[in-house]
Amino acid sequence: MQKQTLLKHWKDQSLFQEKYLEAFKKVKREEFILKNYKNEAYEDIPLPIGFNQTISQPSTIMIMLQALEPETSNKILEIGTGSGYNAALLSILSPKGKIFTTEIIPELAEFAKLNLKEYKNVTVLNIDGSKGYKEESPFNRIIFTCAIPKIENFILEQLKDPGILIAPVGDKISQEMIKITKKDLQIKKDNLGNFIFVPLKGKYGF
Ligand code: SAH
């Protein structure tokens with residue numbers, strides 16, 4: 001499939017707001033994947049990036065980003081940098097913000113740093129993101145791009161009020177996409193449906 005075809009498909013279905021389509025247009029997914037898969041860059045499927053990890057399916061990323069509602073100057077934490085593709089989209093969606101993205105596998109953190117060279121407001125951290133990143137907290141937005149067993153209280157404490165957190169929560173086989181909205185000291189929880197992600201590792205992982 002061509003990038004244009006995928007975009008047209010989304011437009012026809014009115015699935016995503018214009019600003020998310022614009023961000024998708026700007027970032028070259030083909031530059032975040034392995035050479036062997038370049039021809040499949042705009043198929044709506046996850047692709048391997050080595051080390052048993054995957055870059056998520058484009059439509060899944062779009063659903064998560066739209067639910068995250070990033071604003072122009074947000075401080076955002078991502079857990080699961082992988083290729084860096086999602087962080088690049090966040091960088092476009094929050095151009096005056098700061099994106100901190102954490103990756104536990106050193107080789108992938110290096111891979112992402114190279115891929116993200118032009119995205120100046122993104123910082124890649126080779127750390128265990130299951131603990132969040134207290135040093136830079138609180139964040140306006142937090143996004144997990146790997147499956148997590150539960151949303152820990154200390155993670156909610158790293159989220160600003162008001163703030164939004166998106167995470168696939170469940171077991172290793174399948175998860176529910178949970179959106180947490182923190183506002184006026186209240187926590188609202190929505191379920192956006194079922195998805196399958198690679199599992200979170202590290203101290204609070206599986
Ligand atoms: N957002 C990525 C895809 C994420 S795949 C992209 O756009 O390409 C999930 C990633 O989470 C994997 O790279 C995996 O190594 C990483 N991961 C798993 N456990 C982690 C942890 N505890 N801290 C940081 N990253 C972790």
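Order of listing sets the numbers, starting from 1, for every ligand and every atom in it.
- When the shell of 6.0 Å around NZ of Lys131 is examined, it contains 12 or fewer heavy atoms from other residues, nucleotides or ligands.
- Which of Met64, Lys201, Gln53 comes nearest to atom 22 (N) of ligand 1 through a heavy atom is settled by distance: it is Lys201.
- Within a 6.0 Å radius of NZ in Lys172, no more than 12 heavy atoms belonging to other residues, nucleotides or ligands are found.
- With sequence neighbours excluded, the residues that form a side-chain contact (heavy atoms from CB on, under 4.5 Å) with Gln158 are Leu77, Lys134, Ser137, Phe139, Ile142, Phe154.
- Residue Thr54 approaches ligand 1 through these ligand atoms, each under 4.0 Å from one of its heavy atoms: 3 (C), 4 (C), 5 (S).
- Polar contact with ligand 1: present for Asn86 (N/O pair, distance under 3.5 Å).
- Close contacts of ligand 1 with Ile127, meaning ligand atoms under 4.0 Å from a residue heavy atom, involve 23 (N), 24 (C).
- The side chain of Val198, and not its backbone, has at least one atom closer than 4.0 Å to an atom of ligand 1 (non-hydrogen atoms only; side chain from C-beta on).
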* Please test Thr145 against Asn86 for side chain to side chain donor-acceptor pair (under 3.5 Å), starting from the C-alpha separation and ending with a verdict. => CA-CA 9 Å; Thr145 58; Asn86 193 51; 5.3 Å; no
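- The N/O atoms of Gly80, backbone and side chain alike, include one that comes under 3.5 Å of an N/O atom in ligand 1.
- Listed by number with element, the atoms of ligand 1 under 4.0 Å from a non-hydrogen atom of Leu108 are 13 (O).
- Contact annotation for Asp128 and ligand 1: heavy atoms of both the backbone and the side chain come within less than 4.0 Å of the ligand.
- Using a 4.0 Å cut-off to heavy atoms of Ile105, the atoms of ligand 1 that qualify are 15 (O).
- Taking only nitrogen or oxygen atoms, main chain and side chain alike, Gly129 reaches within less than 3.5 Å of ligand 1.
- Checking only distances, Cys146 never comes within under 3.5 Å of ligand 1, N or O to N or O.
- A donor atom on one side chain and an acceptor atom on the other are found under 3.5 Å apart for Asp44 and Ser59.
- Lys120 places a side-chain N or O within 3.5 Å of a backbone atom of Lys117 that can act as its donor or acceptor partner.
- For atom 16 (C) of ligand 1, the nearest protein heavy atom (residue, atom name, distance) is Glu103 OE1, 3.4 Å.
- Each of the atoms 8 (O) of ligand 1 lies under 4.0 Å from some heavy atom of Ile55.
- In terms of the side chain to side chain donor-acceptor pair (under 3.5 Å) criterion, Glu157 has no residue partners (sequence neighbours excluded).
- With hydrogens left out, the protein atom closest to atom 2 (C) of ligand 1 is Thr81 O, 3.2 Å, a heavy atom.
- By the criterion of a heavy-atom distance under 4.0 Å, neither the backbone nor the side chain of Ile61 is placed next to ligand 1.
- Judged by distance alone, the side chain of Asn74 and the main-chain N or O of Ser94 form no donor-acceptor pair under 3.5 Å.
- Distances shorter than 4.0 angstrom do not occur between any heavy atom of Lys203 and any atom of ligand 1.
- Looking only at distances, a side-chain donor or acceptor of Lys3 sits under 3.5 Å from a matching main-chain atom of Lys25.
- A salt bridge is defined here as a Lys NZ or Arg NE, NH1 or NH2 lying under 4.0 Å from an Asp or Glu carboxylate O, and Glu78 with Arg141 fails to meet this definition.
- Between Thr101 and ligand 1 there is no heavy-atom distance shorter than 4.0 Å.
- If you number the atoms of ligand 1 from 1 as listed, the ones under 4.0 Å from a heavy atom of Thr102 come out as 24 (C), 25 (N).
- Looking only at protein heavy atoms, the nearest one to atom 8 (O) of ligand 1 is Ser83 OG, 2.6 Å.
- Salt bridge Glu176/Lys189: absent, no basic N to carboxylate O contact under 4.0 Å.
- Using cut-offs of 30° and 60° for the angle between ring planes, the Tyr42 and Phe24 rings count as perpendicular.
- Near Leu200, the atoms of ligand 1 lying under 4.0 angstrom from a non-hydrogen atom of the residue are 19 (N), 20 (C), 21 (C), 22 (N).
- Heavy-atom neighbours of Glu118 CD from other residues, nucleotides or ligands within 6.0 Å: at or below the threshold of 12.
- The 12-atom threshold is not exceeded at CD1 of Ile173, counting heavy atoms of other residues, nucleotides or ligands nearer than 6.0 Å.
- Residue Thr145 has at least one nitrogen or oxygen atom sitting less than 3.5 Å from a nitrogen or oxygen atom of ligand 1, judged on distance alone.
- Each of the atoms 1 (N) of ligand 1 lies under 4.0 Å from some heavy atom of Glu78.
- Residue Ile104 touches ligand 1 through backbone and side chain together, judged by heavy-atom distances below 4.0 Å.
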